[in-house]
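Structure first, then comments.
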Protein chains: 2
Amino acid sequence: MQPARKTQETAPRQRFLDVAADLFARNGYHATSLRDIARALGVTPGAVYAHFASKARVLLAVYETGVGQIGDAVDGAMQGSTDPWSTLERACHRHLEAILSDSGYARVVIRVLPEDVPEVAGQLARLRAGYEARFRTLIDALDLAPGTSRTLLRFTLLGALNWSQVWYRPGLTAPADIAREVVRNLRNGAAPHGEEHE
Amino acid sequence: MQPARKTQETAPRQRFLDVAADLFARNGYHATSLRDIARALGVTPGAVYAHFASKARVLLAVYETGVGQIGDAVDGAMQGSTDPWSTLERACHRHLEAILSDSGYARVVIRVLPEDVPEVAGQLARLRAGYEARFRTLIDALDLAPGTSRTLLRFTLLGALNWSQVWYRPGLTAPADIAREVVRNLRNGAAPHGEEHE
DNA sequence: TTAATTAATGAACGTTCGTTCATTTTTCCA
DNA sequence: TGGAAAAATGAACGAACGTTCATTAATTAA
């Protein structure tokens, strides 16, 4: 018989990742030291190296989990086919919830830019791109006015959503409401309906 | 006779600011050391302190210039009254040109977040807010569909514009084209005209 | 219970950081 | 041209950084 999966194999590693995700999300990568992470766990700085080869690898592991979390959330919004705009709105809702949540994992993916950490920049960028591909799919499914650039629409949407990390404070408009209005504006415009300029 | 304005009074200080703006914009605040700045000028680290009290003060000075540059650019777009949407588009065009330009000053204002530098966070935030007030004015002048949140529209627009720092590469769509399409999408929507969902 | 494996220690390493300061060099105006 | 003011030097400071490693403690499997 195969030995049962080792119990709690990843438990201590997990604890490191949890606090690293939180600190990276809250203070950024460069402003967070390994000593900060160790201190938050009541542990010595050297302990990190029993689980990770370097600080950059810690970030990479956080990124992987973060992309997984937010990717799963958006995937959940994509299945169960209603019309493409509603699907997009649901995906935006999930995306916002993730990047504004208490969990640091997803927040790190938006807050820390790949080029901030050259040692793993390529891998971070690939993870990010893999996630964002979902929005390419979502937008490809839309019926758009002729001449509309889907690429620019994607960037516009992601920018509008991700920038919320800069201004959002809990207690303001809920993520669901933000998603609804952003998508509505991008779909039908904020100008009064019926008005068209020549 | 008043003494002529001291010739080049600000010349050396200016040179420090120029390279600091460039490095802060390119690599971020924490990833840029005073030694990097000094090295780029062929000068000793201590030389910085003949002009600035601390690294944070260097950033603050860069921020002030940056907010001034981008503010002037947008102010220029706001006078000469055409219709409010065209004015907004021109302002977005200027905003994009500034934050994607070769000059680091304006880029720093978008790239470096106030809370990244606690020593001067309040002052940075105030400078930022003073600049962004222009967009409040611009959006207040728009005729909008009932129920549209002007605040959220402003955040959406600024997010869409500012996020371009993450994806924009020279040679892609020009700032003028980006501004035109972003504003068009937010005004009339990306969906085919005439289509409305129930 | 014991042996092997995993986790963490604690001290230190070399480096870099922001910063200080007495001294020297450069610049500018009278 | 001389003297004041501005600018930069160069060496050093203490602190913090990421990282290493022989050693000890804790956990797990047989």
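Below, read A as the first sequence line, B as the second, and so on, with proteins coming before strands; counting in each chain starts at 1. Keep in mind that what you see is a predicted model, and the values were worked out from it rather than measured.
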Run the numbers on A/Tyr29 and B/His30 for side chain to side chain contact (heavy atoms under 4.5 Å, CB included), then give the verdict.
CA-CA 9 Å; A/Tyr29 179 78; B/His30 284 109; over 6 Å; no
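Judged by closest nucleotide on DNA chain C, A/Ala50 is the one of A/Arg35 and A/Ala50 placed further toward the 5' end. Along DNA chain D, the nucleotide nearest to A/Tyr29 and the one nearest to A/Ala47 differ in position, and the one closer to the 5' end is contacted by A/Tyr29. Closest-nucleotide positions on DNA chain C for B/Leu34 and A/Phe16 were compared, and the one nearer the 5' end corresponds to A/Phe16.
A sub-4.0 Å separation between OP1 or OP2 of C/dT6 and a side-chain N or O of A/His51 is absent. For the OP1/OP2 pair of C/dT20 and a distance below 4.0 Å, the side-chain nitrogens and oxygens of B/Tyr49 include no atom meeting the criterion.
Between B/Arg39 atom CZ and D/dG10 atom P the separation is 16 Å, expressed in whole Å. Going from atom CZ of B/Phe52 over to atom C1' of D/dA6 covers 14 Å, rounded to whole Å. Rounded to whole Å, the distance from CZ on B/Arg57 to P on C/dG18 is 17 Å. Taking atom CD on A/Gln14 and atom C1' on C/dA7, their separation rounds to 16 Å, with Å as the unit. Atoms NZ (B/Lys55) and P (C/dT20) sit 15 Å apart, rounded to a whole Å. Nucleotide D/dA7 holds its P atom 17 Å from the CD1 atom of B/Ile37, rounded to whole Å. If you measure from atom CZ of B/Arg15 to atom C1' of D/dA7, you get 10 Å, rounded to the nearest angstrom. If you take CG of B/Leu17 and P of D/dA7, they are 13 Å apart, rounded to a whole angstrom.
When each of C/dT19, D/dA8, D/dT19 is scored by its nearest atom to the side-chain atoms of B/Pro45, the top-ranked nucleotide is C/dT19. For A/Val43, taking side-chain heavy atoms from C-beta onward, the closest of the listed nucleotides D/dT19, D/dA7, C/dA8 is C/dA8.
The side chain to side chain contact (heavy atoms under 4.5 Å, CB included) test with A/Pro175 singles out one residue from A/His93, A/His95, A/Arg94, and that residue is A/His93.
Ring planes of A/Trp167 and B/Phe155: parallel class, angle under 30° (limits at 30 and 60°). The aromatic rings of A/Phe52 and A/Phe16 sit perpendicular to each other, their planes meeting at more than 60°, with 30° as the lower class boundary.
In this structure, B/Lys55 fails the cation-pi test against B/Tyr49, since its NZ or CZ atom is not both closer than 6.0 Å to the six-membered ring centre and inside 45 degrees of the ring normal.
Residue B/Ser33 is classed as a sugar-phosphate contact, given heavy-atom separations below 4.0 Å to backbone atoms only.
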